[in-house]
Amino acid sequence: RIWQPVKSGACMMFQSYPLFEFPPDEGKEEPLRYGPFIVDIDTGIPESLDSAQRIVSWFENTFDVPTVAWKYYFSGGKGVHLELPESVFGIYGHKLLPSLYKRLALEIQAECSVVLDISLYCNGTGRPFRQPNIQRENGLYKVQIEYNDLFEIETLEEYNQFCCEPKDLFQPEPFYSITLHNVLSEMLKELETIPKPTPITEDQQKKLSEKTPPCVNFMRNRKDLAGSCTFNDIAIQLTAFGISTGMDEERFISGIQDFIENYPSTSLKTQKARYDNVRNRFRSMSAANYS
């Protein structure tokens, strides 16, 4: 059974995302979560159209996912929604599905230089997600579109005109990407090894943000710890600090550049390998909200 919680009586307008095996109850067993991978781009027109084009192109070049495998929507506000069915990557339900999707979304943001709504990928009872062909408060509709419409619509006026009435719904062409399946499976393995964190308080986060603790400066500036601490040992601690203080990826990387480039490591032989190691860890720990 899939549970679909709905808030504010808007049972037609919104559906929970993701869906659930049974109602989540804090402190008890986590349910399996289900649903396609959704990308919510809400950066305005035409910026959202350009971002969607780049994302779809990146998936095609990186994972061999063709453009016909996606569902495309104009949200009827100022953005674009993309949906990739589970059949494309072959993962049908998992307790950590929101964290996996967040991990992939963070990868997309970094690799495609786009801004996504990351709050969509959360545990608990999820987020309300807008359904198509139901009139919004502004009089427009979320409507399904063809891939080519991402290129043919150029202005907000054309976008609004396109969304002024419901459109037919249709299914994408079936496709399975073993490449994407393997990448997501590896991401899941990483997420499963990250301990469930004890959230820090707002007061603790404020104190960390106001002044960098001496221990953090010590770790990122001392190379003589190599006899007792590996590169990964220290990187985990520094990453937890970065996430706790709400740093984005680029600010975090620039703040520990000396550590990345100079701390001894027997396995990370090149500068690229070092930076890739730290970036991947930051994205995985961010997806797991590790603080």
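In this structure Asp258 satisfies the salt bridge (Lys or Arg N to Asp or Glu O under 4.0 Å) test together with Lys223, sequence neighbours excluded. Asp42 meets the side chain to side chain contact (heavy atoms under 4.5 Å, CB included) test with Asp40, Lys78; sequence neighbours excluded. Scored by the ring pair (Phe, Tyr, Trp, His ring centres under 6.0 Å) test, Phe282 finds Phe252 as partners (sequence neighbours excluded). The side chain to side chain contact (heavy atoms under 4.5 Å, CB included) search around Asn289 returns Lys102, not counting sequence neighbours. By the salt bridge (Lys or Arg N to Asp or Glu O under 4.0 Å) test, Glu186 pairs with Lys189, sequence neighbours left out. Scored by the side chain to side chain contact (heavy atoms under 4.5 Å, CB included) test, Thr201 finds Asp203, Gln204 as partners (sequence neighbours excluded). Checked against side chain to side chain contact (heavy atoms under 4.5 Å, CB included), Thr155 has the following partners two or more places apart in sequence or in another chain: Glu157, Glu158.
The line from CD of Glu83 to CH2 of Trp70 is 10.0 Å long, rounded to the nearest 0.5 Å. Considering CD1 of Ile256 and CD of Glu261, their distance stands at 10.5 Å, rounded to 0.5 Å. Taking CD1 from Ile194 and CE from Met285, the interatomic distance works out to 6.5 Å, rounded to the nearest 0.5 Å. Of the inter-residue distances, the one linking Leu188 atom CG with Arg103 atom CZ reads 11.0 Å to the nearest 0.5 angstrom. Once rounded to the nearest 0.5 Å, the distance linking OG of Ser209 with CD of Glu202 reads 11.0 Å. In this structure, the separation between CD1 on Ile38 and CG on Leu82 is 10.0 Å, given to the nearest 0.5 Å.
The two residues Pro264 and Ala226 make their nearest non-hydrogen contact at CG-CB, 3.6 Å. Of all non-hydrogen atoms in Gly124 and Arg33, the two that sit nearest each other are O-NH2, 3.1 Å.
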Next item on the list: Show your reasoning for whether side-chain contact (heavy atoms from CB on, under 4.5 Å) applies to Phe129 and Met13.
Entry: CA-CA 8 Å; Phe129 187 65; Met13 182 72 75; over 6 Å; no

Next item on the list: Apply side-chain hydrogen bond (donor to acceptor under 3.5 Å, both in side chains) to Thr230 and Asp233, showing your working.
Entry: CA-CA 5 Å; Thr230 68; Asp233 290 333; 3.1 Å; yes

Margin query: For a side-chain contact (heavy atoms from CB on, under 4.5 Å) check, start with the C-alpha distance between Met219 and Leu238, then their side-chain angles and the critical distance, and finish with the verdict.
Written below: CA-CA 8 Å; Met219 283 189 292; Leu238 293 174; 4.1 Å; yes

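In the hydrophobic cluster analysis, where Ile, Leu, Val, Met, Phe, Trp and Tyr join through side-chain heavy atoms closer than 4.5 angstrom, Leu97 is grouped apart from Leu32. Note on Ile45 and Leu140: separate hydrophobic clusters, where clusters join Ile, Leu, Val, Met, Phe, Trp and Tyr whose side-chain heavy atoms are under 4.5 Å apart, directly or indirectly. Follow the hydrophobic side-chain contacts under 4.5 Å out from Leu100 and you never reach Phe20; the two are in separate clusters.
Using a cutoff of 4.0 Å between basic side-chain nitrogens and carboxylate oxygens, Lys167 and Glu146 are not scored as salt-bridged. Salt-bridge check for Glu249 with Arg283: passed, with a basic side-chain N closer than 4.0 Å to an acidic carboxylate O. A salt bridge is defined here as a Lys NZ or Arg NE, NH1 or NH2 lying under 4.0 Å from an Asp or Glu carboxylate O, and Lys95 with Glu29 meets this definition.
Pairs passing the ring-ring contact (aromatic ring centres under 6.0 Å, His included) check and including a residue from residues 86-119, sequence neighbours excluded, read Phe37-Tyr101. The stretch residues 136-168 participates, sequence neighbours left out, in these ring-ring contact (aromatic ring centres under 6.0 Å, His included) pairs: Tyr72-Tyr147, Phe74-Tyr159, Phe74-Phe162, Tyr147-Phe151. Each side-chain hydrogen bond (donor to acceptor under 3.5 Å, both in side chains) pair with one or both residues in residues 43-56, not counting sequence neighbours, appears once here: Thr43-Ser48, Asp50-Arg54. Residue pairs meeting the ring-ring contact (aromatic ring centres under 6.0 Å, His included) criterion with at least one member in residues 193-243, sequence neighbours excluded, are Phe231-Phe259.
With side-chain heavy atoms closer than 4.5 Å counting as contact, directly or through intermediates, the hydrophobic cluster containing Ile178 also holds Tyr176.
Other residues, nucleotides and ligands place more than 12 heavy atoms under 6.0 Å from the CG atom of Asp224. Other residues, nucleotides and ligands contribute only 12 or fewer heavy atoms inside 6.0 Å of the CZ atom of Arg251.
Between the side chains of Asn217 and Arg222, no donor-acceptor pair is found at a separation under 3.5 Å.
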